[in-house]
Amino acid sequence: MLRFRISNMGCGGCAKGVAATLREVDPIAQTTFDLDAREVRIATALTDADRFDAALRASGWKSERLPG
């Protein structure tokens, strides 16, 4: 499980955009969102969090990897 804080994600539309970006890295990843905390959790078999972080940043999302 990977976790990221996305500081510029504040609504359901933003969450859909973040999910689309994450699916570009892993099409079968499962995502859950906490919009109040501006966090996304990614259930994926991939262990390289940098790939997700790079994709988020390239799409304009201000991401920060969180522990656990």
Side-chain angles (χ1 to χ4, degrees):
M1 178 78 61
L2 301 174
R3 292 177 52 218
F4 288 91
R5 177 171 294 119
I6 313 291
S7 63
N8 59 336
M9 176 184 72
C11 67
C14 293
K16 286 180 182 180
V18 168
T21 297
L22 297 172
R23 279 193 303 274
E24 291 175 10
V25 177
D26 180 359
I28 61 171
Q30 296 182 12
T31 55
T32 55
F33 294 90
D34 180 341
L35 292 177
D36 292 331
R38 297 177 188 256
E39 292 183 14
V40 60
R41 291 179 183 217
I42 310 161
T44 179
L46 300 177
T47 58
D48 187 0
D50 291 339
R51 288 179 59 192
F52 288 100
D53 193 33
L56 289 165
R57 291 174 184 269
S59 294
W61 300 107
K62 297 177 182 174
S63 64
E64 170 192 358
R65 179 145 187 233
L66 300 172

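Note that these values count all heavy atoms, side chains included, but never hydrogens, waters or copies made by symmetry. All values reported here derive from a predicted model rather than from experimental measurement.
- Using a distance-only test at 3.5 Å, with no hydrogens or angles considered, no donor-acceptor pair links the side chain of S59 to the main chain of W61.
- Contact of the T31 side chain with the V18 side chain is not registered, since no non-hydrogen atoms from C-beta on lie closer than 4.5 Å.
- To the nearest 0.5 angstrom, M1 atom CE is 10.0 Å from T44 atom OG1.
- The backbone N or O of G60 lies less than 3.5 Å from a partner atom in the side chain of N8, making a donor-acceptor pair.
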Go through the steps for F52 and S63 under the test side chain to side chain contact (heavy atoms under 4.5 Å, CB included), then give the verdict. CA-CA 9 Å; F52 288 100; S63 64; over 6 Å; no
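- For the atom pair CZ (R57) and CG (D50), the distance works out to 10.0 Å, reported to the nearest 0.5 Å.
- With R3 contributing its side chain and P67 its backbone, the two residues share a donor-acceptor pair below 3.5 Å.
- With rounding to the nearest 0.5 Å, the separation of OG in S7 from CD in E39 is 12.0 Å.
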Just do the side chain to side chain contact (heavy atoms under 4.5 Å, CB included) check on L22 and L56 with the steps written out, would you? CA-CA 7 Å; L22 297 172; L56 289 165; 3.9 Å; yes
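- A donor-acceptor pair under 3.5 Å is absent between the side-chain atoms of R5 and the main chain of E64, judged by distance alone.
- Applying side chain to side chain contact (heavy atoms under 4.5 Å, CB included) to R41 and the options L66, T32, D34 leaves one that passes, T32.
- For the pair I42 and A29, the tightest heavy-atom approach, listed with the atom from each and the gap, is CG2-CB, 3.9 Å.
- Heavy atoms only, all atoms of each residue included: M9 and C14 are closest at CG-CB, 3.7 Å.
- Closest heavy-atom contact between G12 and L35: N-CD1, 3.8 Å.
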